Amino acid sequence: MGKKVLVIGEIREGSLRHVSFEAIAAAKTLAGDGEILGVICGSTQLEAYAKEMVYYGANRVQIIENKKLKTYTSDGYSQVILEVIKKEEPDAIVMGHTAIGKDLTPKLASRLDVGLISDVVEIDVIADNIVFTRPIYSGKAFEKKIFVDDMIFATIRPNNIEALSRDESQKADISKLDVEITDLRTIIKDIVRKTSDGMDLSEAKVIVAGGRGVKSKEGFEPLYELAGVLGGAVGASRGACDADYCDYSLQIGQTGKVVTPDLYIACGISGAIQHLAGMSNSKVIVAINKDPEANIFKVADYGIVGDLFEVVPKLVDEIKRIKV
Ligand code: FAD
């Protein structure tokens with residue numbers, strides 16, 4: 001028999017995060033011939049987001065509009081989503097393993113007194129078991145887990161489970177749910193974001209990352225140009241951040257962001273274990289480094305031994321030429 005799976009959609013800077021669609025694909029594996037119910041919270045005009053969830057495979061979507069939900073607070077969002085869970089009694093809940101997902105889901109799981117498997121990169125149905133794969137030890141190994149209780153609750157890492165194809169002909173019931181929100185203990189007055197050109201590193205399909213080999217703030221300019229022609233984002237090693245060549249919001253690694261883009265281009269990065277922890281699961285890794293012995297070449301699919309200030313502009317020119 002199919003399951004009812006609740007997918008918690010996430011809006012960021014005016015659009016539904018792509019990982020919400022990936023969560024719908026994950027939900028499809030869990031639901032079998034059951035139902036995928038999407039939920040979206042916000043302050044206004046949520047129908048368009050709900051429709052997007054339908055186009056990507058949700059069978060029904062509930063929207064909860066309330067001015068107290070304008071910006072995310074764990075207090076407000078947990079109150080309303082717990083209401084939906086109480087009303088709908090889903091068999092499983094899925095959400096993206098994003099900053100909000102990491103904050104919200106443990107709180108919900110604890111309130112529901114159920115287990116949570118976080119940061120899932122793969123879901124398989126083996127015999128009667130649903131097996132969740134997640135990285136451990138900073139990506140050096142993977143563990144496979146199953147739920148022993150009936151309730152399934154998981155967060156999925158962006159860029160790992162492929163979204164279903166978008167189909168605008170899909171129709172589904174979109175309804176509004178009124179939920180009373182008691183006084184919030186926190187109110188967000190303002191959000192100041194520091195991101196790479198507004199593109200979220202954890203969802204970027206292409207990342208061009210710079211390390212201490214970039215040598216200065218200005219040294220990042222060719223990397224921005226390369227990211228620009230590839231439609232990607234710029235990231236960095238902690239070495240580059242510590243040297244003040246760029247902002248810490250770009251840091252990738254054990255104490256930075258964990259990324260899994262389709263293409264990761266490491267420029268002037270030695271490949272310390274703490275850096276690899278954040279990027280070694282990228283689909284294709286290209287390393288540019290002057291030192292042929294650099295550790296980064298051990299994880300790279302393609303290695304270019306050379307000066308990044310010569311190699312990167314050549315790549316930019318060549319990509320521009322191919323694109324014309
Ligand atoms: P370096 O190790 O100095 O490497 C610079 C590289 O650039 C060298 O390989 C050099 O050959 C190459 N190079 C120089 N000039 C050129 C050129 N012109 N062209 C091409 N190549 C050139 N690091 C992270 O990145 N992320 C983390 O999250 C992180 N967390 C950490 C947590 C802890 C607890 C600790 C102890 C460390 C952490 N680090 C982290 C730091 C990590 O150990 C390394 O110090 C750091 O990753 C090194 O950065 P780098 O590769 O840019 O610099």
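Both ligands and their constituent atoms are indexed starting at 1 by order of listing. As the structure is a prediction and not an experimental result, all values here were calculated from the model.
- Counting only non-hydrogen atoms, the option in Met279, Glu293, Gln274, Gln254 that gets closest to atom 40 (C) of ligand 1 is Gln274.
- Checked against a 6.0 Å centroid threshold, the rings of Phe147 and Phe132 count as neighbours.
- Salt bridge present: Glu52 and Arg166 bring a charged side-chain N and a carboxylate O closer than 4.0 Å.
- Here Lys290 does not pair with Glu310 in a salt bridge; the nearest charged N to carboxylate O distance is not below 4.0 Å.
- Atom 6 (C) of ligand 1 has its nearest heavy-atom neighbour, among Ala294, Gly306, Gly211, Gly268, in Gly268.
- Heavy atoms of Ser270 found under 4.0 angstrom from ligand 1 belong to the backbone as well as the side chain.
- When only modelled atom types and interatomic distance are considered, Tyr56 and Asp167 share no side-chain donor-acceptor pair under 3.5 Å.
- Looking at Thr260, its side chain never comes within 3.5 Å of a backbone N or O of Asn281 through a donor-acceptor pair.
- Protein heavy atom in closest approach to atom 23 (N) of ligand 1: Arg238 CB, 3.2 Å.
- If you check the side chains of Asn295 and Ser270, you find no donor sitting under 3.5 Å from an acceptor.
- Scanning the protein heavy atoms around atom 9 (O) of ligand 1, the nearest turns out to be Asn289 ND2, 2.9 Å.
- Near Ala272, with a cut-off below 4.0 Å to any heavy atom, the atoms of ligand 1 are 42 (C), 43 (O), 44 (C), 47 (O).
- Judged by distance alone, with hydrogens and angles left aside, the side-chain atoms of Ser282 form no donor-acceptor pair with the main-chain N or O of Val284 at under 3.5 Å.
- The protein atom (non-hydrogen) at minimum distance from atom 46 (C) of ligand 1 is Gly239 N, 4.0 Å.
- Ring orientation note: the planes of Tyr224 and Phe220 are tilted relative to one another, at an angle of 30° to 60°.
- One finds a salt bridge joining Glu47 and Lys176 here, because a Lys/Arg side-chain nitrogen approaches an Asp/Glu carboxylate oxygen to under 4.0 Å.
- With Lys290, Arg212, Gln251 as candidates, the residue nearest to atom 21 (N) of ligand 1 on a non-hydrogen basis is Lys290.
- Annotation: atom 13 (N) of ligand 1 to nearest protein heavy atom, Gly213 CA, 3.7 Å.
- Near Gly256, the atoms of ligand 1 lying under 4.0 angstrom from a non-hydrogen atom of the residue are 28 (O).
- Using a 4.0 Å cutoff on heavy atoms, Ile252 counts as a contact of ligand 1.
- When Ser237, Ala209, Gly210, Gly235 are checked for heavy-atom proximity to atom 52 (O) of ligand 1, Ser237 turns out nearest.
- At a 4.0 Å heavy-atom cut-off, ligand 1 does not touch Ile273 at all.
- Ion pairing of Glu89 with Lys4 is absent here, as no side-chain N (NZ or NE/NH1/NH2) approaches a carboxylate O to less than 4.0 Å.
- Between Arg134 and Asp119, no side-chain nitrogen of the basic residue sits less than 4.0 Å from a carboxylate oxygen of the acidic one, so the salt-bridge criterion is not met.
- In terms of protein heavy atoms, atom 18 (N) of ligand 1 is closest to Asp307 OD1, 3.1 Å.
- Remark: ligand 1 atoms within the under-4.0 Å shell around heavy atoms of Thr255 are 27 (C), 28 (O), 29 (C), 30 (N), 31 (C), 32 (C).
- Annotation: atom 15 (N) of ligand 1 to nearest protein heavy atom, Lys215 NZ, 2.9 Å.
- Protein heavy atom nearest atom 19 (N) of ligand 1, with residue, atom name and distance: Leu308 N, 2.9 Å.
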